[in-house]
Undergrad: 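Shown below is the structure under consideration.
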Amino acid sequence: MIRELNKLTISDASNALRRGEFTSVELTEACIGAIETAGKLNAFCHHSFDIARKRAADADSKLKAGDLNPVCGIPIGIKDVFCTIGAPTQAASRILQGFRSGYESTVTAKLRDAGAVMLGKLNMDEFAMGSSTEHSVYGPAVNPWRSHDSEEDRSPGGSSGGSAAAVAADLCLGATGTDTGGSIRQPAAFTGIVGLKPTYGRCSRWGIVAFASSLDQAGPLAKTVRDAALLLGAMAGHDPKDSTSAPQPVPDFETLMDGDVRGMRIGIPDEYRIEGMPDEINRVWAAGTEMLKDAGAEIVRISLPHTSYALPAYYVVAPAEASSNLARYDGVRYGYRAKLGRNDGITEMYEKTRAEGFGAEVKRRVMVGAYVLSQGFYEAYYRRAQKVRTLIRKDFEQAFSNGVDAVLTPATPNSAFKVGEMVNEDPVSMYLNDIFTVTVNLAGLPGISVPSGLDAKGLPLGLQLIGRPWEEGSLLNCARALEQATGFDLKPARWW
Amino acid sequence: MAIDLEAARRAAHLARIEVEEEDLPAIASELSSILEFMERLNEVDVEGVEPMSTVTPMKLKRREDVVLRVSDQAEILSNAPETRQGFFAVPKVVE
């Protein structure tokens, strides 16, 4: 039987490359082959196979010369929100149609310099606003997982839904994502893979199309916790070009991961037990708690009293920052410009360009943001939300100062919904998907989603671990213990 | 707080997004439901609480005040929808 190289983990592929069992060129071709037959998933929106083949050949020379970087020669996908030279960058928006970046984002430059091979760009919700990857100019991405009893397409979550679908379907060995309110962790949970949002400031935001600057953070989506650690190691680090990037040393995350959680204190927050949550989510949560206890961790009940205000605070802060960040799309310097009538002036140019260039969800959020920032409402909405944000961070600080090392919660309140299922719902009901993940962005903490089981429909469910700032090493270690205990190694049955 | 048609029109104009008159009622109702959701924040006692202005407490770094060449005119103009004589071109702004 031919070994399907694209199905390997980064860790296994990296070791095999170093032993000379196959080349990065062969590994890259296996991924290209997988991508070319996975059009139905609509995970990749731009291919960069020429760049990939060249980088793979370069990586092979570096490996021959003894390069030890664990991501050297590893084919990955890049979310369409990262500026990349040689491949289009559109953030899944019509308004960036035709845009070609003249520079490379710091995160993708670091990955490139470490020898990683970029296969192409990955589908997402427009400007990373959404939880389903349906709000995309490329059309919806599709989850490789289906329920037992139906052939209907499921959403891979969002906004990094293309990244999650591509990794889960073995189109690439790992992928980059960004997480503003849950956009790495929720898609990872929906597709049975691992997704890590690092501490705010851990990865540079330079060259990433901005959504909400005080919440955005780049991170990896991967098949295993170890792979997430390897990718994070290559992506992280201080960058003078991003004033919010922290001058923190980047530890060797992998060596911090022995899966030993004896003596660790894991907090279970009362407030995450929400009304109407499916029993299956509670069951997986309880099982995960039990597993960490069996592995030697101490389980403590904790209270994060302001949890229920996180979503409303998020939906003030994020649109406000978005309306400000997205003001730059004016049809002047780059991207799309509407066709103008004879008498149209500059205001009509802005208004028509933005009406035609932005999708419905982006328009909604930009209008909400402009409204809450406008005169007379700024104090009532934006400033109040920023105060609530302080209280949410204090909740976590309190728990950590009481000796809690990590917090265990469900990753999402449900498994993957059907493509189109949420389209006609009230926008707020879609926002509820982020209920367990937004707190982490508001507080700037690291969080990781670990696949933990299947529901009755046969769809993956994930658990989330939340760590102390800058302690991704300890968080990954705890995630590794959970991964070992659940033993989750299921893959979707191929239908695409 | 409910958003009436006038407030919806104003939000659209502030955001510089053209909205057809017949689409305003739907937008007003969507914005109303989002703002109603945000009203929950009024339940929180925020007396004496500092608004969060920086996520990870640290001093804003400053760089050396030196001239750097990061791009050139041709590169910057290469993405523009319309240019004229080395400038971005837009409809007439000043009469």
Side-chain angles (χ1 to χ4, degrees), chain A residues 98-100 102-103 199-201 214 240 243-244 246 306 308-309 311-313 315-316 323 330-337 340 344-352 354-355 358 363-364 366-372 374 381 383-391 393 426-428 431 444 469, chain B residues 1 3 7-8 10-20 23 27 29-31 33-58 60-64 70-72 74-82 88-93 95:
Chain A
F99 175 70
R100 292 292 181 277
Y103 48 86
T199 311
Y200 182 82
S214 76
S243 65
T244 62
H306 295 92
S308 68
Y309 302 107
L311 264 184
Y315 277 98
V316 174
S323 82
D330 55 6
V332 176
R333 290 158 296 165
Y334 31 68
Y336 176 81
R337 180 187 289 187
L340 301 178
D344 284 342
I346 192 140
T347 304
E348 288 79 11
M349 183 196 73
Y350 296 147
E351 293 187 342
K352 287 186 178 176
R354 290 161 66 82
F358 290 147
K363 284 190 222 180
R364 190 145 54 218
V366 168
M367 284 191 256
V368 167
Y371 187 82
V372 299
S374 65
Y381 291 105
R383 251 179 105 75
R384 177 168 277 270
Q386 289 289 56
K387 289 178 182 177
V388 171
R389 201 174 166 186
T390 299
L391 294 171
R393 181 164 70 184
D426 182 283
V428 173
Y431 298 169
Chain B
M1 195 178 79
I3 297 265
R10 184 163 156 263
H13 178 68
L14 282 170
R16 295 292 184 277
I17 294 172
E18 184 184 68
V19 175
E20 301 293 339
D23 295 331
I27 287 175
S29 118
E30 283 171 4
L31 296 188
S33 76
I34 295 169
L35 288 170
E36 192 187 315
F37 180 57
M38 293 174 178
E39 302 285 320
R40 291 212 48 207
L41 295 177
N42 293 330
E43 299 166 13
V44 188
D45 179 8
V46 293
E47 191 64 36
V49 178
E50 277 293 307
M52 189 160 164
S53 56
T54 164
V55 188
T56 42
M58 61 181 183
L60 189 64
K61 294 181 294 276
R62 295 174 183 194
R63 58 174 167 75
E64 290 295 307
V70 291
S71 191
D72 60 28
E75 188 194 320
I76 289 166
L77 291 176
S78 68
N79 274 305
E82 202 183 333
F88 296 115
V90 296
K92 197 153 138 190
V93 181
E95 285 301 321

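Proteins get letters first, then strands, A, B, ... in listed order; numbering begins at 1 in each. Worth knowing before you read on, the calculation uses all heavy atoms, side chains too, and leaves out hydrogens, waters and symmetry mates.
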Undergrad: Would you indicate whether the side-chain heavy atoms of A:Arg364 and B:Ile34 approach each other to under 4.5 Å?
TA: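 Side chain of B:Ile34 against side chain of A:Arg364, heavy atoms only: contact under 4.5 Å found.
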Undergrad: Does any backbone or side-chain atom of A:Val316 lie under 4.5 Å from a heavy atom of chain B? Answer side chain, backbone, both or neither.
TA: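 Both parts, heavy atoms under 4.5 Å.
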Undergrad: What part of B:Ile17 is in contact with chain A, defined as an atom under 4.5 angstrom from a non-hydrogen atom: side chain, backbone, both or neither?
TA: both
Undergrad: Please rank A:Tyr315, A:Tyr350, A:Phe99 by heavy-atom pairs under 4.5 Å with chain B and give me the top one.
TA: A:Phe99
Undergrad: Side chains of A:Tyr371 and B:Leu14, heavy atoms from C-beta outward: is any pair under 4.5 Å?
TA: no
Undergrad: If you count heavy-atom pairs under 4.5 Å with chain B, which of A:Val332, A:Leu311, A:Asp330 comes out on top?
TA: A:Val332
Undergrad: Name the option with the most non-hydrogen atom pairs under 4.5 Å to chain A; the candidates are B:Ile27, B:Thr54, B:Asn42.
TA: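 Counting heavy-atom pairs under 4.5 Å, the top option is B:Asn42.
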Undergrad: Looking at side-chain heavy atoms only, is the closest gap between B:Leu35 and A:Val372 below 4.5 Å?
TA: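 They are in contact (side-chain heavy atoms under 4.5 Å apart), so the answer is yes.
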Undergrad: Going by side chain to side chain contact (heavy atoms under 4.5 Å, CB included), name the residues that satisfy it together with B:Glu20, two or more places apart in sequence or in a different chain.
TA: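 Per chain and number, B:Glu20 pairs via side chain to side chain contact (heavy atoms under 4.5 Å, CB included) with B:Glu18, B:Glu22, B:Asp23.
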Undergrad: Please give me the minimum heavy-atom distance between B:Phe37 and A:Pro312, naming the atom from each residue.
TA: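 Heavy atoms of B:Phe37 and A:Pro312 come nearest at O-CB, 3.6 Å.
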Undergrad: Rounded to the nearest 0.5 Å, how far apart are CZ of A:Arg384 and CD of B:Glu39?
TA: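 A:Arg384 atom CZ to B:Glu39 atom CD measures 10.0 Å (nearest 0.5 Å).
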Undergrad: Between A:Lys352, A:Arg100, A:Met349, A:Lys387, which residue shows the highest count of heavy-atom pairs closer than 4.5 Å to chain B?
TA: A:Lys387
Undergrad: For chain B, find which of A:Ala385, A:Ser243, A:Pro469 contributes the most heavy-atom pairs closer than 4.5 angstrom.
TA: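 The option with the most such pairs is A:Ser243.
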Undergrad: Please list, chain by chain and in numerical order, all residues satisfying salt bridge (Lys or Arg N to Asp or Glu O under 4.0 Å) with B:Glu43, sequence neighbours excluded.
TA: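 Result, salt bridge (Lys or Arg N to Asp or Glu O under 4.0 Å) vs B:Glu43: B:Arg40.
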Undergrad: Tell me, out of B:Glu30, B:His13, B:Glu75, who's got the most heavy-atom pairs with chain A below 4.5 Å.
TA: B:Glu30
Undergrad: Return the option, out of A:Ser323, A:Gly444, A:Ser374, with the maximum number of heavy-atom pairs under 4.5 Å with chain B.
TA: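 Winner by heavy-atom pair count: A:Ser374.
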Undergrad: Out of A:Arg389, A:Arg354, A:Arg333, A:Arg337, which one racks up the most heavy-atom pairs below 4.5 Å with chain B?
TA: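 Among A:Arg389, A:Arg354, A:Arg333, A:Arg337, the one with the most close pairs to chain B is A:Arg333.
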Undergrad: Counting only non-hydrogen atoms closer than 4.5 Å, does B:Arg62 touch chain A with its backbone (N, CA, C, O), its side chain (CB onward), both, or neither?
TA: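 When you check distances to chain A, no heavy atom of B:Arg62 falls under 4.5 Å.
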Undergrad: If you take all heavy atoms of B:Ala8 and B:Ile3, which pair is closest and at what distance?
TA: N-CG2, 3.6 Å
